Number of protein chains: 2
Amino acid sequence: MSTEVKSGVDTMRGSTLPAYQRIASAIRTKITSGELAPGEQLPTEHEIAEQYGVARQTVRNGLALLVSEGLIVSQRPRGHFVRRREHMIYRPQAESRPQPASPEMDRFCQQITEEGRTPTQTIDVSLIAAPADIAQRLELDEGTLIVARRRVRSINGEPVNINDSHFPLEIVKDSEIMSPADIPRGTNQALADLGYAQDRAIDEYYWRMPTPEESHRLSLGAGTPVVMHIVTGYTVDGRPVRCTRNVLPGDRHMIVYERKWE
Amino acid sequence: MSTEVKSGVDTMRGSTLPAYQRIASAIRTKITSGELAPGEQLPTEHEIAEQYGVARQTVRNGLALLVSEGLIVSQRPRGHFVRRREHMIYRPQAESRPQPASPEMDRFCQQITEEGRTPTQTIDVSLIAAPADIAQRLELDEGTLIVARRRVRSINGEPVNINDSHFPLEIVKDSEIMSPADIPRGTNQALADLGYAQDRAIDEYYWRMPTPEESHRLSLGAGTPVVMHIVTGYTVDGRPVRCTRNVLPGDRHMIVYERKWE
DNA sequence: GAGTGGTCTAGACCACGAG
DNA sequence: TCGTGGTCTAGACCACTCC
């Protein structure tokens, strides 16, 4: 049978925390204190195991904790590294402001190019049956045919967000919005030119972990949450004419709003 | 282990998924399709292991994936359950609107009591050295003494968010804002009564996984991201007089904004 | 007391990228 | 080719809750 005595890894001095949590905690402290800088490499799993006198699997449990917290990333087979983070500013209000007369897409491009990076986007337009959440916001029955204009925006070839706009079929039918090409003046202006100028919008936000599909499309690492941003645009008559669903990865965005006291 | 390798798991990926990912995928499908309803219990690890003919640890790897995606929770030692989610609507704009003359806290209470739940909050006021992020927004030097008014808001005894407001010491000194008691008309009104009415605010949002401390204070399960919401309030002269840091767990909030086209 | 998940071990083989 | 992390096994003991 087991000739092995109780492991004794614990030594239970003061801390009753499991070994893997203590390991995670020690490394976490080194990261938040700056002793381990962003981008820096951690010791190998084997080394950490030796250092703490535990099995490699125990170290892996600890590292998994830090990965799920978004503090480190694993770059197989090179090792574990302290995660770098940088945010791109995202201003939903920009699209409803006249400002420098630049439509939605331009603003996106503009901001990025200013930073010396190369923005690109892929556009795909299709007719789909309205899913429940979109149908409800467009005040249509679920399954009604609508137009979906899907975009993936990238910087330097890396996708940074998913932006899917939905329109009632009858109002955009035969318009340029149905064409999978960039609309330099923006879809909102195009919609206005069709007689459906938006007067009001409702922004909804909620946040969660990405689905595996989103993780794949956005090349997300573990421990990166996403925000779902849903915009519903209304005409002055109160008719919903657009519903846009954005998926924003947490490691690439920061949302900024400005508001006036009323 | 001579695992028979028949690929074709999923379309064009070409390669075989590891067993734990296939298990996770199968359960994930059952959840998203509704075959496994929210709150429903999963089979035990042992049963799943038997069903797939793998070791228990392999099943655990798969379940850990689903936990980190926020799809299931583990309730030791009862078993794993499909996670329920319900969102509380959060309207940042409400605080800057006259509406039914109800201040910030009232609004929080009001909304909750309407739903038949019991809101509570704990308040703690202290003098602290301004941390870098707050100092920058209040346009003060890091380390300057400021007033921190920290609140934890709870529903039915369960904490739902952390709300820490910071003020320059000189403008709230000797005022009721320094007292750790509820201010029925709201701190914003109190600030206005001191001659520092806010005219404009900037809202910033970013999202990440919680720190272990936040997880503990908010009783968060794994797989629950948080949003950091930072509000900086300015007087009509453009002076920042308040900086509030909110921590909102992803399983309990939804942010809603309404805006007018300009 | 029975049964759950939580933790841990000491091996093993594999895929992959850098040298 | 070598060393990394990724995956997997077959055990073991524990803490906890429910019955």
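Predicted, not measured: the structure shown is a model, and the values here were computed from it. First the proteins, then the strands, lettered A, B, ... as listed; each starts at 1.
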Got a donor-acceptor contact below 3.5 angstrom from the A:R137 side chain to the A:D133 backbone?
yes
Evaluate the side-chain proximity of A:H166 to A:I128: yes if any heavy-atom separation is below 4.5 Å, no if none is.
yes
Do you see a donor-acceptor pair shorter than 3.5 Å between the side chains of A:T58 and A:R22?
no
Nearest-Å distance for atom pair CD/P, residues B:Q75 and D:dT17:
12 Å
Close approaches to DNA chain C from residues 35-52 of chain B, in residue order (heavy atom, under 4.0 Å):
B:T44, B:E45
B:Y206 vs B:H229, test: side chain to side chain contact (heavy atoms under 4.5 Å, CB included). Steps then yes/no.
CA-CA 7 Å; B:Y206 63 89; B:H229 172 210; over 6 Å; no
Taking DNA chain D as the partner, which of residues 54-63 of chain B come within under 4.0 angstrom of it by heavy atom?
B:V54, B:A55, B:R56, B:Q57, B:T58
Report the residue (A:Y20 or A:R78) whose heavy-atom-nearest nucleotide on DNA chain C is the more 5′ of the two.
A:Y20
Between B:E50 and B:R56, is there a side-chain N and carboxylate O pair less than 4.0 Å apart?
no
If we count only N and O atoms by modelled type, under 3.5 Å, do the side chains of B:R149 and B:S179 hold a donor and an acceptor together?
no
Please tell me if B:Q21 has a side-chain N or O lying less than 4.0 Å from either OP1 or OP2 of D:dT7.
yes
Given the rule in the side chain to side chain contact (heavy atoms under 4.5 Å, CB included) test, do B:E204 and A:M254 qualify, once you have shown the distances and angles that lead to the verdict?
CA-CA 7 Å; B:E204 297 167 272; A:M254 176 178 245; 4.2 Å; yes
What nucleotide, of D:dC8, D:dG6, C:dT7, holds the atom closest to the side chain of A:R76?
D:dG6
Apply the side-chain contact (heavy atoms from CB on, under 4.5 Å) test between B:I23 and each candidate in B:I48, B:L17, B:L65; give the one that qualifies.
B:I48
Under a 4.0 Å N-O cut-off, is there an ion pair linking A:R151 with A:D124?
no
Do A:R28 and A:E69 meet the salt-bridge criterion of a basic N to acidic O distance under 4.0 Å?
yes
Just to be sure I understand the geometry, which residues of residues 65-74 of chain B put a non-hydrogen atom under 4.0 Å away from DNA chain D?
none
Got a donor-acceptor contact below 3.5 angstrom from the B:Q41 side chain to the B:R78 backbone?
yes
Could you state the CG-C1' distance from B:L17 to D:dG6, rounded to the nearest angstrom?
13 Å
